[in-house]
Trainee: 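Take a look at the following structure, please.
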Amino acid sequence: MSPPAIIAPSILSADFAELGRACSETMAQGADWLHVDIMDGHFVPNMTFGAPVVTKVRPHVDRPAGAYGRGTFDCHMMIAEPKRWVRDFKKAGCDLYCFHYEAAVSSTAADTPEGTSSAQTSPKELIRFIHELGMQAGIAIKPKTSVDVLWDILENPVAEERPDMVLVMTVEPGFGGQSFMASELPKVTALRKRYPDMHIEVDGGLSEKTIDQAADAGANVIVAGSAVFGAADPGEVIRKLREAVDSRRGKL
Ligand SMILES: O=C(CO)[C@@H](O)[C@H](O)COP(=O)(O)O
Ligand SMILES: [Fe+2]
């Protein structure tokens, strides 16, 4: 049976002037995780914030012990140098560090604040590093990236080098409020068929209108920004997203 629904509102659509309060309120309305979009203006044509903001927001949300518990900070790293920021985000309170496959395979040497090189890292080395620091590791793919790039990474016999979650983007990364791309769902279907127990996250354009398609394909971690933060009753939206996923468990 596929894992239960995890609803992860994207705080990109929250009021940044009230970020701590927005996070604690969303959790009280029934969210499981908080999805934290980190954008660097290079990997995507937009910027958000870095580890210092995560450090300040983190204490507003309780985090019970154990992986994937309520209050998990699911950091979606839309950044050109994913290896460079792993330590900072760990210190800031990130629980799940989800980097982009495209960034990992194309990142080039650069100096870190410690003066060491963050030269090109293979996805498996990056996953191992994230695990060594005690975080869960996710790997994300953009719409133009084939799901086929993931098979070798997922089939790695070394457990520490395998991701805990795959994120299939259902919009081009960079902005909230875009239209859902159903064209990406065959990737989810293929992943769910091979990996019944794995967390598969979808991100971009998820709402009460699009959740049925995503849930049918087998997604269980649902990111929703504008649909939750723009709703008159965010708790009701979270409840409906959860129900759509959980009602399909065991039928996929
Ligand atoms: O990563 C991203 C965008 O790049 C997302 O997490 C969006 O923030 C989701 O927003 P909605 O499409 O749900 O409004
Ligand atoms: Fe995201």
Side-chain angles (χ1 to χ4, degrees), residues 5-16 19 22-23 26 29-50 53-54 57 72-80 82 85 89 94-104 136-145 163-185 187-188 199-215 219-232 234-238 240-242 244-245:
I6 291 174
I7 310 302
S10 162
I11 62 172
L12 186 60
S13 295
D15 178 355
F16 277 15
L19 209 44
C23 290
T26 308
Q29 285 156 348
D32 299 291
W33 296 358
L34 289 175
H35 182 84
V36 183
D37 287 305
I38 307 298
M39 306 186 189
D40 67 352
H42 293 281
F43 183 72
V44 287
N46 196 7
M47 293 173 79
T48 54
F49 49 79
V53 172
V54 175
V57 171
T72 285
F73 262 42
D74 165 28
C75 294
H76 177 192
M77 308 303 292
M78 288 167 274
I79 60 174
W85 302 104
F89 274 77
C94 166
D95 304 288
L96 196 169
Y97 190 98
C98 184
F99 65 90
H100 268 267
Y101 167 84
E102 303 85 356
Q136 304 289 314
I139 186 162
I141 51 170
K142 297 205 263 188
K144 289 189 183 71
T145 303
D164 305 287
M165 183 184 82
V166 170
L167 162 53
V168 174
M169 289 303 297
T170 44
V171 296
E172 283 297 339
F175 300 91
Q178 302 183 74
S179 298
F180 180 73
M181 296 168 69
S183 57
E184 301 313 294
L185 292 178
K187 297 177 184 175
V188 176
H199 285 306
I200 303 176
E201 182 173 60
V202 282
D203 181 10
L206 273 304
S207 69
E208 290 169 58
K209 290 200 178 96
T210 54
I211 187 64
D212 287 341
Q213 300 168 69
N220 75 296
V221 184
I222 309 299
V223 176
S226 43
V228 169
F229 286 97
E236 179 66 359
V237 175
I238 292 169
K240 285 183 175 160
L241 296 175
R242 185 190 310 289
V245 173

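For ligands, and for the atoms within them, numbers begin at 1 and follow the listed sequence. If you read the sequence from its start, that first residue is 1, and numbering goes on from there.
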Trainee: Quick one: does any side-chain atom of E102 pair with a main-chain N or O of K142 as donor and acceptor, under 3.5 Å?
Mentor: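 Checking the backbone N and O of K142 against the side chain of E102, a donor-acceptor pair under 3.5 Å is found.
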
Trainee: For the pair Y97 and F89, name the ring-plane relationship: parallel under 30°, tilted 30 to 60°, perpendicular over 60°.
Mentor: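 The arrangement is perpendicular - the two ring planes meet at more than 60°.
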
Trainee: Could you check whether K240 pairs with E208 (Lys NZ or Arg NE/NH1/NH2 to Asp/Glu carboxylate O, under 4.0 Å)?
Mentor: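 Between E208 and K240 there is a salt bridge, with a charged N closer than 4.0 Å to a carboxylate O.
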
Trainee: Short question: side chain of T170, backbone of D203 - any donor-acceptor pair under 3.5 Å?
Mentor: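 Yes: the side chain of T170 pairs with the backbone of D203.
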
Trainee: Measure the acute angle between the ring planes of F16 and F49, then classify it against the limits of 30° and 60° as parallel, tilted or perpendicular.
Mentor: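 Aromatic pair F16/F49 classed perpendicular.
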
Trainee: How many degrees, to 10°, between H35 NE2 and D37 OD1 as seen from the Fe ion (ligand 2)?
Mentor: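 With the Fe ion (ligand 2) as the vertex, NE2 (H35) and OD1 (D37) sit 90° apart.
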
Trainee: Provide, line by line, the atom pairs where ligand 1 and the protein bring an N/O atom each to a distance under 3.5 Å; else say none.
Mentor:
unit_1, atom_1, unit_2, atom_2, d
ligand 1, 1 (O), D37, OD1, 2.9
ligand 1, 1 (O), H76, ND1, 3.2
ligand 1, 1 (O), D203, OD2, 3.0
ligand 1, 4 (O), G174, N, 2.7
ligand 1, 6 (O), H35, NE2, 3.3
ligand 1, 6 (O), D37, OD1, 3.0
ligand 1, 6 (O), D37, OD2, 2.8
ligand 1, 6 (O), D203, OD1, 2.7
ligand 1, 6 (O), D203, OD2, 3.0
ligand 1, 8 (O), S10, OG, 3.0
ligand 1, 8 (O), D37, OD2, 3.1
ligand 1, 12 (O), G205, N, 2.8
ligand 1, 13 (O), G225, N, 2.7
ligand 1, 14 (O), G177, N, 2.8
ligand 1, 14 (O), S226, N, 3.0
ligand 1, 14 (O), S226, OG, 2.5

Trainee: Does the side chain of L185 reach to within under 4.5 Å of the side chain of F180, using non-hydrogen atoms?
Mentor: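 Of all side-chain heavy-atom pairs linking F180 with L185, at least one is under 4.5 Å.
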
Trainee: Out of I6, D74, N220, which one pairs with M165 under the side chain to side chain contact (heavy atoms under 4.5 Å, CB included) rule?
Mentor: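 Considering I6, D74, N220, a side chain to side chain contact (heavy atoms under 4.5 Å, CB included) with M165 is found only for D74.
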
Trainee: Working to 10°, measure the angle at the Fe ion (ligand 2) formed by atom OD2 of D203 and atom ND1 of H76.
Mentor: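 Approximately 90° at the metal, rounded to tens of degrees.
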
